[in-house]
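Heads up: the structure comes next, in structure tokens.
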Protein chains: 2
Amino acid sequence: MEFSDAKQKFIQSWGALGSQWGINKTMAQIHAFLMISPESVSMEEIMDELKISRGNASMNLRALIDWGIVYKDYKQGERREYFYAEKDLDEMAIKISRERTKREIKPALKVLKEVSSIPANKTTKEKHFKQQTTSLYKFVAKADNALEKITEYNDNWLGKLLKKLIT
Amino acid sequence: MEFSDAKQKFIQSWGALGSQWGINKTMAQIHAFLMISPESVSMEEIMDELKISRGNASMNLRALIDWGIVYKDYKQGERREYFYAEKDLDEMAIKISRERTKREIKPALKVLKEVSSIPANKTTKEKHFKQQTTSLYKFVAKADNALEKITEYNDNWLGKLLKKLIT
DNA sequence: TTGAATTTTCAAAAAAAAATGAAAGTTTAG
DNA sequence: CTAAACTTTCATTTTTTTTTGAAAATTCAA
């Protein structure tokens with residue numbers, strides 16, 4: 001396979017994967033492009049490479065920065081901003097995990113705690129509801145906990161996790 | 001909080017969560033409704049409760065069945081089909097994990113293997129591309145492996161994982 | 001300051017995804 | 001078989017999400 005085909009394929013696939021993960025396609029594509037760029041890259045170049053508008057590039061770059069997986073770079077005597085991706089995969093995965101936890105798991109826990117607190121009496125339906133949402137709360141809380149512990153190591157967490165799993 | 005409010009809130013929130021995870025809202029809502037239903041439920045009831053069309057209900061129920069987290073139930077002497085959700089949360093999480101792995105991680109690995117196989121020579125860009133996609137491949141493969149190991153226990157995997165993490 | 005270079009914002013347009021509903025298909029009791 | 005009961009399909013419509021692009025805002029060198 002040619003380099004340019006490989007690059008294209010990688011960017012497209014990363015974009016498609018992003019969509020499945022609730023991240024928009026362009027955001028994932030910009031991320032892919034930055035990951036494979038050895039130097040930091042201007043918005044202009046990104047627009048050009050991905051054939052997207054300035055507004056789109058600007059908004060999605062900001063989102064990536066908010067997620068903490070892309071950084072700005074200022075070059076000596078230049079107005080223009082340059083961007084580069086977090087390239088340490090451990091670090092990247094931890095940041096994504098933390099962000100998703102904050103945005104998705106924490107709010108879910110809040111709701112589960114709330115709805116599982118209804119009085120347990122009355123109908124079978126109510127009892128069952130309380131019971132199910134309570135287990136769900138416990139389960140999600142436990143998972144959240146596990147995730148926190150796993151990424152706590154920071155350095156080479158995935159390797160360490162694997163080691164623990166083997167024994 | 002009233003039971004009916006709690007139920008509403010749970011279904012709505014589960015639906016919203018689904019969207020963030022690349023699962024469509026209705027599918028997640030049907031799943032939520034089934035999880036809190038003590039008895040298996042007909043399509044009619046689902047349509048009624050969630051205010052959705054027959055076609056929508058039919059398609060999303062099928063998707064849930066494909067994922068292996070909802071089952072059909074046939075009642076003695078009745079034409080109508082009834083549905084119920086997998087209620088064992090360990091089992092449910094394992095099924096979701098397996099399905100997502102199959103649909104997302106495996107194809108991603110295939111692409112990463114492919115694109116990281118370009119010849120390593122020539123420009124810095126090409127070298128960097130090869131290097132990045134190779135690390136990415138290794139990382140994702142490792143994560144896939146860990147996930148497989150974690151869910152391998154089947155019974156109470158989350159509890160067991162947590163125990164391993166503590167030591 | 002000023003103004004050119006650059007980025008951000010956001011209303012409108014376009015694209016993508018999801019939902020509808022009626023017709024077609026399937027199943028089974030009689 | 002037949003027909004009623006029920007489910008599935010899919011072209012069309014609706015809703016949601018994403019993208020565009022031009023105007024407004026910002027930044028900084030001179």
Side-chain angles (χ1 to χ4, degrees), chain A residues 11-34 40-67 70-84 100 103-104, chain B residues 11-34 40-67 70-84 100 103-104:
Chain A
I11 292 172
Q12 293 307 317
S13 306
W14 206 248
L17 199 64
S19 314
Q20 291 179 301
W21 281 81
I23 286 153
N24 96 35
K25 196 185 64 181
T26 303
M27 183 170 156
Q29 287 183 343
I30 294 175
H31 184 230
F33 179 49
L34 292 180
S40 54
V41 167
S42 70
M43 213 161 81
E44 214 65 29
E45 280 178 83
I46 293 169
M47 289 162 56
D48 198 59
E49 173 76 27
L50 305 180
K51 308 274 184 277
I52 57 174
S53 70
R54 187 173 298 285
N56 199 2
S58 172
M59 289 167 86
N60 285 113
L61 276 166
R62 184 187 5 204
L64 286 163
I65 288 168
D66 286 349
W67 277 67
V70 162
Y71 308 98
K72 279 191 188 178
D73 203 5
Y74 298 96
K75 290 200 180 174
Q76 181 62 258
E78 280 208 59
R79 283 292 310 289
R80 192 173 291 208
E81 297 171 327
Y82 290 79
F83 302 88
Y84 62 99
R100 298 203 72 146
R103 292 180 193 220
E104 295 156 22
Chain B
I11 292 172
Q12 293 307 317
S13 307
W14 206 247
L17 199 64
S19 313
Q20 290 180 301
W21 281 80
I23 286 153
N24 96 37
K25 196 185 65 181
T26 303
M27 184 171 154
Q29 288 183 341
I30 294 175
H31 184 231
F33 179 50
L34 292 180
S40 54
V41 166
S42 69
M43 213 160 82
E44 213 66 26
E45 281 178 83
I46 293 169
M47 289 162 56
D48 199 59
E49 173 75 26
L50 305 179
K51 308 274 185 276
I52 57 173
S53 69
R54 189 173 296 287
N56 199 2
S58 171
M59 289 168 87
N60 285 113
L61 276 166
R62 175 165 35 179
L64 285 163
I65 288 167
D66 286 348
W67 277 69
V70 162
Y71 308 98
K72 279 190 188 179
D73 203 5
Y74 297 96
K75 289 200 180 175
Q76 181 62 258
E78 281 208 59
R79 285 291 309 287
R80 190 173 294 208
E81 296 172 329
Y82 289 80
F83 303 89
Y84 61 99
R100 297 203 72 147
R103 292 179 193 222
E104 295 156 22

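Lettering follows sequence order; numbering is per chain, from 1. Small disclaimer: the values here were computed from a predicted structure and weren't measured.
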**Request:** Would you list the pairs meeting salt bridge (charged side-chain N to carboxylate O under 4.0 Å, His left out) in which at least one residue belongs to residues 50-60 of chain A, sequence neighbours left out?
**Result:** A/E44-A/R54
**Item:** Spatial distance of atom CE (A/M27) from atom CG (A/N56) [nearest 0.5 Å]
**Value:** 12.0 Å
**Prompt:** What pairs with A/Q20 under side-chain contact (heavy atoms from CB on, under 4.5 Å), at least two apart in sequence or on another chain?
**Reply:** A/L17, B/E104
**Complete:** With sequence neighbours left out, the residues meeting side-chain hydrogen bond (donor to acceptor under 3.5 Å, both in side chains) with A/Y84 are none
**Counterpart residues, side-chain hydrogen bond (donor to acceptor under 3.5 Å, both in side chains), relative to B/D48 (two or more places apart)** = none
**Item:** Residues within residues 12-33 of chain A bordering DNA chain D, heavy-atom distance below 4.0 Å
**Value:** A/N24, A/T26
**Prompt:** Do B/R100 and B/W21 pass the side chain to side chain contact (heavy atoms under 4.5 Å, CB included) test, and can you show the C-alpha distance, the side-chain angles, and the key distance before you say yes or no?
**Reply:** CA-CA 10 Å; B/R100 297 203 72 147; B/W21 281 80; 3.0 Å; yes
**Fill in**
The single option from B/N24, B/N60, B/V70 that satisfies side chain to side chain contact (heavy atoms under 4.5 Å, CB included) with B/I30 is B/N60
**Request:** Return the minimal non-hydrogen interatomic distance between A/Q29 and A/G15, and the atom names on each side.
**Result:** CG-CA, 3.8 Å
**Fill in**
Heavy atoms of A/A57 and A/M47 approach each other most closely as CB-CG, 3.9 Å
Filtered N/O pairs between nucleotides 27-30 of chain C and protein, under 3.5 Å:
from   : atom 1 : to    : atom 2 : distance (Å)
C/dT27 : O2     : B/R79 : NH1    : 3.1
C/dT27 : O2     : B/R79 : NH2    : 2.9

**Complete:** Nearest heavy-atom approach of B/G18 to B/A28 is CA-CB, 3.9 Å
**Asked** What is the minimum heavy-atom distance between A/L61 and A/M43, and which atoms define it?
**Response** CD1-CG, 3.8 Å
**Partner residues of B/K72 under the side-chain contact (heavy atoms from CB on, under 4.5 Å) criterion, sequence neighbours left out** = B/I65, B/Y74, B/E81, B/F83
**Fill in**
the helix from C/dT1-D/dA30 to C/dG30-D/dC1: angle between terminal helix axes, five bp per end, to the nearest 10 degrees, reads 20°
**Asked** Taking only residues two or more places apart in sequence, or in another chain, which ones meet B/T26 in a side-chain hydrogen bond (donor to acceptor under 3.5 Å, both in side chains)?
**Response** none
**Message:** Between B/I11 and B/E49, is there a side-chain heavy-atom distance shorter than 4.5 Å?
**Reply:** yes
**Request:** Go through residues 43-64 of chain A and report each residue with a non-hydrogen atom lying under 4.0 Å from DNA chain C, sorted by number.
**Result:** A/M43, A/R54, A/G55, A/S58, A/M59, A/R62
**Fill in**
Applying side-chain hydrogen bond (donor to acceptor under 3.5 Å, both in side chains) to A/S40 and not counting sequence neighbours gives A/D73
**Outermost nucleotides of DNA chain D that come under 4.0 Å of a non-hydrogen atom of chain A** = D/dT18 to D/dC28
